[in-house]
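Take a look at the structure set out below.
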Amino acid sequence: MGGGLLSQLLGFCFWGFLWLAGPVAVFSGGPGTLGSDYASVAVDTTAVIAVTDKDFVCATLDWWPPDKCDYGTCSWGFASLLNLNLSNPVLLNAVKAFSPLKLRLGGSLQDKVIYDSGDPKQPCTPFSKNTSEMFGFTQGCLPLPRWDELNEFFNKAGAVIIFGLNALNGRIPQSDGSLVGPWNYSNAASFIHYTVDKGYAIHGWELGNEISGSGVGTRIGADQYAEDVINLKSIINDIYHGYQSKPLVLAPGGFFDFNWFGEIISKTKPDFLDVITHHIYNLGPGVDQHLVEKILDPSYLDGEASTFSDLQRILGGGGTSTTAWVGEAGGAYNSGHHLVTDSFVFSFWYLDQLGMSAKYDTKTYCRQSLIGGNYGLLNTTTYHPNPDYYSALLWHRLMGRRVLSTKFTGTNMIRAYAHCARDTQGITLVFINLSGNSTTQVFITSQTSYSTPIKLRRHKRHRTRIYHLPRLGKTSEFTREEYHLTSKGGDIHSQTMLLNGNILSVDSNGNIPELEPVKVDATEPIRVEPFSIVFVHIAYIQAQACRW
């Protein structure tokens, strides 16, 4: 370790003790561990920088038929809303484990879905492959008996549902590929009426999918889209008249465009649009052979911050109650890439996205997909969890709503985020090590208070002064809980994840495994091994920002 960095680290720790009330944890041994880097992270526990929804983690279910193929591979199987096996016990247990999991129902084909009305003049026909049609399929239909089955499953699983409505009805195509004219909402209104009459709980209705801005396949101008959103709000208010609470109105479910998003906010304020949703596929096409290089490049990951920042700036301009969600994010478009977006390495991108988006006051983050394609949280064939499922579940259970400012000093290959702990005292941090070569030992400081006085003493075994906490004994008050995630055999392309060295897998009955931490003495540093992820819950911190 270079003398300059070590001096900076020690000065930081000692200054932290004098001014911030002392390090939460500092290294209790001497420097010089082979292959180790040293770093510090400062967590400001005096103020909250953002607040997420309690059910921040969200996943999507899509409409793609089995013959949806990309680059010669058909990766969707029977994972569609129309053919998913709702009686599979792993599927049920996977959703129930979140208690609740927010599910967004939508995707490219949602704007080509007609809802069964029972009208013989409008038969309910399935999607059919047709390469001359937008997205390669004809118009499809959601039969009402299937909608009943889906809602029975959602109720049993305790899911929170966002439904994406068809926003293309009634539009007139133009020569430049855009559509004009108002949304014909008659079919959607009939479907919403049916849903309410059946007593099905819908958390939100979203208008359209990827037809904002420059669009995907086609596009609609912001002025017209704003008018359609206002109409949807009116429909919701009318159909849910007399209800104590009404579903959210969400739009546009498209890629961020500063001017377009700014215009729709301006025309729907103060409260016609509850949530503005945007999609993220910042890694490029699934066929890209450099996906892993991008995932492991911190500067590339940092690039998405501008989207969150720009959207936050639009919403912060005043006059609107609209909040921001990531409505769909699969990283690599066209169904992802097998053994990348469905393997261990993708948790680096996914957890970094969760942490980054939360810092910019994103309320909900919907992963594409729960199941289907090459980016499902669950395996399309077996329904067993892929690594990102466990990453999502740990985030959901450990990271609370309140986001804390975090400053990491050291290698740029570590990504660090901190929140108030969920439903308990203290704080939770997550560390993501993008390096496959170095173990990083992390020292933490925090502007906080403790239940007992803590003193520093000089370490005498080495010429360099190392300050550390006295041995306090391995009691619950002065230990922390750690969850170390690694890949099987150290292969980042593995679809098997280990928690504290133990393989995570469902049992013979399809039950999701327990996610148990290891307890670590508070005086020890946090060891972040190469290509690993570590969640750390520190309960003994009395954080001002986290007081209930």
Side-chain angles (χ1 to χ4, degrees), residues 59-62 64 66-80 84 90-91 94 107 280-298 300-301 304 328-354 367-395 413 415 432-437 484-499 501-506 512-513 529-533:
T60 67
L61 287 171
D62 214 311
W64 290 118
D67 48 353
K68 152 68 171 172
C69 305
D70 301 280
Y71 319 117
T73 301
C74 307
S75 60
W76 282 87
F78 293 94
S80 163
L84 185 64
V90 181
L91 177 66
I280 296 177
Y281 288 89
N282 62 323
L283 297 175
V287 73
D288 189 340
Q289 296 301 308
H290 301 284
L291 293 177
V292 173
E293 295 173 30
K294 295 177 181 178
I295 292 168
L296 299 179
D297 181 351
Y300 193 94
L301 297 179
E304 194 60 28
E328 180 183 313
Y333 59 83
N334 291 342
S335 304
H337 189 116
H338 182 46
L339 297 184
V340 176
T341 55
D342 55 2
S343 69
F344 178 83
V345 70
F346 207 52
S347 277
F348 297 155
W349 176 86
Y350 180 39
L351 289 173
D352 188 63
Q353 280 280 301
L354 294 182
R367 166 63 179 267
Q368 172 82 343
S369 61
L370 174 64
I371 186 168
N374 288 315
Y375 36 38
L377 298 179
L378 305 178
N379 182 281
T380 304
T381 304
T382 66
Y383 291 57
H384 287 201
N386 284 324
D388 280 3
Y389 173 86
Y390 296 112
S391 295
L393 187 56
L394 278 171
W395 182 286
M413 300 301 284
R415 317 287 283 185
I432 304 162
N433 192 350
L434 304 176
S435 170
N437 301 316
H484 293 254
L485 300 175
T486 53
S487 58
K488 185 178 180 181
D491 179 8
I492 59 174
H493 295 279
S494 173
Q495 294 184 286
T496 300
M497 178 176 271
L498 279 62
L499 171 60
N502 300 309
I503 289 176
L504 292 171
S505 62
V506 300
I512 302 301
E529 302 289 343
F531 284 152
S532 75
I533 297 156

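No experiment lies behind these values; they were computed from the predicted model shown.
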*Taking it one step at a time, do Phe531 and Val345 satisfy side-chain contact (heavy atoms from CB on, under 4.5 Å)?*
CA-CA 8 Å; Phe531 284 152; Val345 70; over 6 Å; no
*For Ser80, check side chain to side chain contact (heavy atoms under 4.5 Å, CB included) against everything at least two apart and list the hits.*
Leu82, Asn83
_Test side chain to side chain contact (heavy atoms under 4.5 Å, CB included) applied to Glu304 - qualifying residues, sequence neighbours left out_ = Ile280, Asn282, Thr307, Phe308, Gln353, Met356
Rounded to the nearest 0.5 Å, how far apart are [atom1] of [X] and [atom2] of [Y]?
{"X": "Ser435", "Y": "Glu529", "atom1": "OG", "atom2": "CD", "answer": "11.0 Å"}
{"X": "Leu434", "Y": "Met413", "atom1": "CG", "atom2": "CE", "answer": "5.0 Å"}
{"X": "Glu328", "Y": "Thr60", "atom1": "CD", "atom2": "OG1", "answer": "5.5 Å"}
{"X": "Leu499", "Y": "Ile533", "atom1": "CG", "atom2": "CD1", "answer": "11.0 Å"}
{"X": "Leu91", "Y": "Tyr383", "atom1": "CG", "atom2": "OH", "answer": "6.5 Å"}
{"X": "Ile492", "Y": "Ile295", "atom1": "CD1", "atom2": "CD1", "answer": "8.0 Å"}

*Check: Pro385 and Val506 side chains under 4.5 Å, non-hydrogen atoms*: yes
*Can you sort out the partners of Asp491 under salt bridge (Lys or Arg N to Asp or Glu O under 4.0 Å), two or more places apart, ordered by chain and number?*
none
Would you please name every residue forming a ring-ring contact (aromatic ring centres under 6.0 Å, His included) with [X], sequence neighbours left out?
{"X": "Tyr390", "value": "none"}
{"X": "Phe348", "value": "Phe344"}
{"X": "Tyr375", "value": "none"}

Nearest heavy atoms of [X] and [Y], plus distance in Å:
{"X": "Pro387", "Y": "Ser494", "result": "CG-O, 3.9 Å"}
{"X": "Trp349", "Y": "Gly330", "result": "CH2-C, 4.2 Å"}
{"X": "Ser343", "Y": "His493", "result": "CB-O, 3.2 Å"}

_Sequence neighbours excluded, every pair satisfying salt bridge (Lys or Arg N to Asp or Glu O under 4.0 Å) that has a member inside residues 370-388_ = Arg367-Asp388
*Could you give all pairs that pass the salt bridge (Lys or Arg N to Asp or Glu O under 4.0 Å) test and reach residues 332-352, with sequence neighbours left out?*
Asp352-Arg415
Can you sort out the partners of [X] under side-chain hydrogen bond (donor to acceptor under 3.5 Å, both in side chains), two or more places apart, ordered by chain and number?
{"X": "His484", "answer": "Glu482"}
{"X": "Trp64", "answer": "none"}
{"X": "Thr382", "answer": "Asn379"}
{"X": "Gln289", "answer": "none"}

*Within the distance-only criterion (no hydrogens, no angle test), does the side chain of Tyr350 pair as donor or acceptor with the backbone N or O of Ser391 below 3.5 angstrom?*
no
*Among Val292, Leu291, Asn374, find the residue that satisfies the side-chain contact (heavy atoms from CB on, under 4.5 Å) test when tested with His337.*
Leu291
*salt_bridge(Lys68, Asp62) N-O dist < 4.0 Å*: no
*side-chain contact (heavy atoms from CB on, under 4.5 Å) between Asn386 and Phe346: does it pass, once the steps are laid out?*
CA-CA 10 Å; Asn386 284 324; Phe346 207 52; over 6 Å; no
*Stepwise, does the side-chain contact (heavy atoms from CB on, under 4.5 Å) test hold for Thr380 with Trp76?*
CA-CA 7 Å; Thr380 304; Trp76 282 87; 5.8 Å; no
*Evaluate side-chain contact (heavy atoms from CB on, under 4.5 Å) for Tyr281 paired with Gln368, printing each intermediate quantity in order.*
CA-CA 10 Å; Tyr281 288 89; Gln368 172 82 343; 3.3 Å; yes
*Hey, are Ser335 and Asp70 close enough side-chain-wise for a donor-acceptor pair under 3.5 Å?*
yes
*Is atom OH of Tyr71 surrounded by more than 12 heavy atoms (other residues, nucleotides or ligands) closer than 6.0 Å?*
yes
